[in-house]
Amino acid sequence: MTTMEVKKTKDIGLGSLSFVLCLLGILFTFEFGDKSGIGDHILHTIGLSAWSNGNSGIHYTVFYSAIFFIPSFIIGHIYPDNIGAKAGKIISGIYSVLIVSALITLIIAFVLAWVRAQ
């Protein structure tokens, strides 16, 4: 008896938005060469500071990029059968963990500095 193998192709759908959001989050965060990043320009345009101390200190765009990475992870998880959904989910999941780790480290550093000052 002959068996037929059916190859399932992935379609572009709502899950494909996961990869697009992931790319936007990456573009929002990174600086290219000696030029400030796209996120810095966007934040400046809407009147927010990209840094905690003028042009130094904590770079806020990393935390703002979670606006892209968290929905990207969720969409990739809900619609895994669309093109790019798995890649978007994995990449945004890694970046989300890194952002949360940085935030926890920052909070611990502030708490320790506050305790030492007391």
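Bear in mind that the values here come from a model prediction, so they are computed numbers and not experimental data.
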*Non-neighbouring partners of I104 that pass side-chain contact (heavy atoms from CB on, under 4.5 Å), sequence neighbours left out*: V100, I108
*Non-neighbouring partners of S96 that pass side chain to side chain donor-acceptor pair (under 3.5 Å), sequence neighbours left out*: none
*Supply the members, apart from I94, of the Ile/Leu/Val/Met/Phe/Trp/Tyr cluster built from side-chain contacts under 4.5 Å; use none for a lone residue.*
I90, L98
*Partners of D40 by side chain to side chain donor-acceptor pair (under 3.5 Å), sequence neighbours excluded?*
H59
*Who pairs with L23 by side-chain contact (heavy atoms from CB on, under 4.5 Å), at least two apart in sequence or on another chain?*
F19
*F69: partners by ring pair (Phe, Tyr, Trp, His ring centres under 6.0 Å), with sequence neighbours left out*: Y95
*asked:* Taking side chain to side chain donor-acceptor pair (under 3.5 Å) as the definition, give me every residue that meets it alongside H77, ordered by chain and number, with sequence neighbours left out.
replied: K89
*Who are the side chain to side chain donor-acceptor pair (under 3.5 Å) partners of S72, not counting sequence neighbours?*
S18, S92
*Name all pairs fulfilling the side-chain hydrogen bond (donor to acceptor under 3.5 Å, both in side chains) condition that reach into residues 25-35, sequence neighbours left out, sorted by first residue then second.*
T29-S65
*Quick one: which residue pairs count as a side-chain hydrogen bond (donor to acceptor under 3.5 Å, both in side chains) with a foot in residues 102-118, not counting sequence neighbours?*
none
*Members other than F73 in its cluster, when Ile, Leu, Val, Met, Phe, Trp, Tyr link by side-chain heavy atoms under 4.5 Å?*
none
*Which residues pass the side-chain contact (heavy atoms from CB on, under 4.5 Å) test with V115, sequence neighbours left out?*
V111
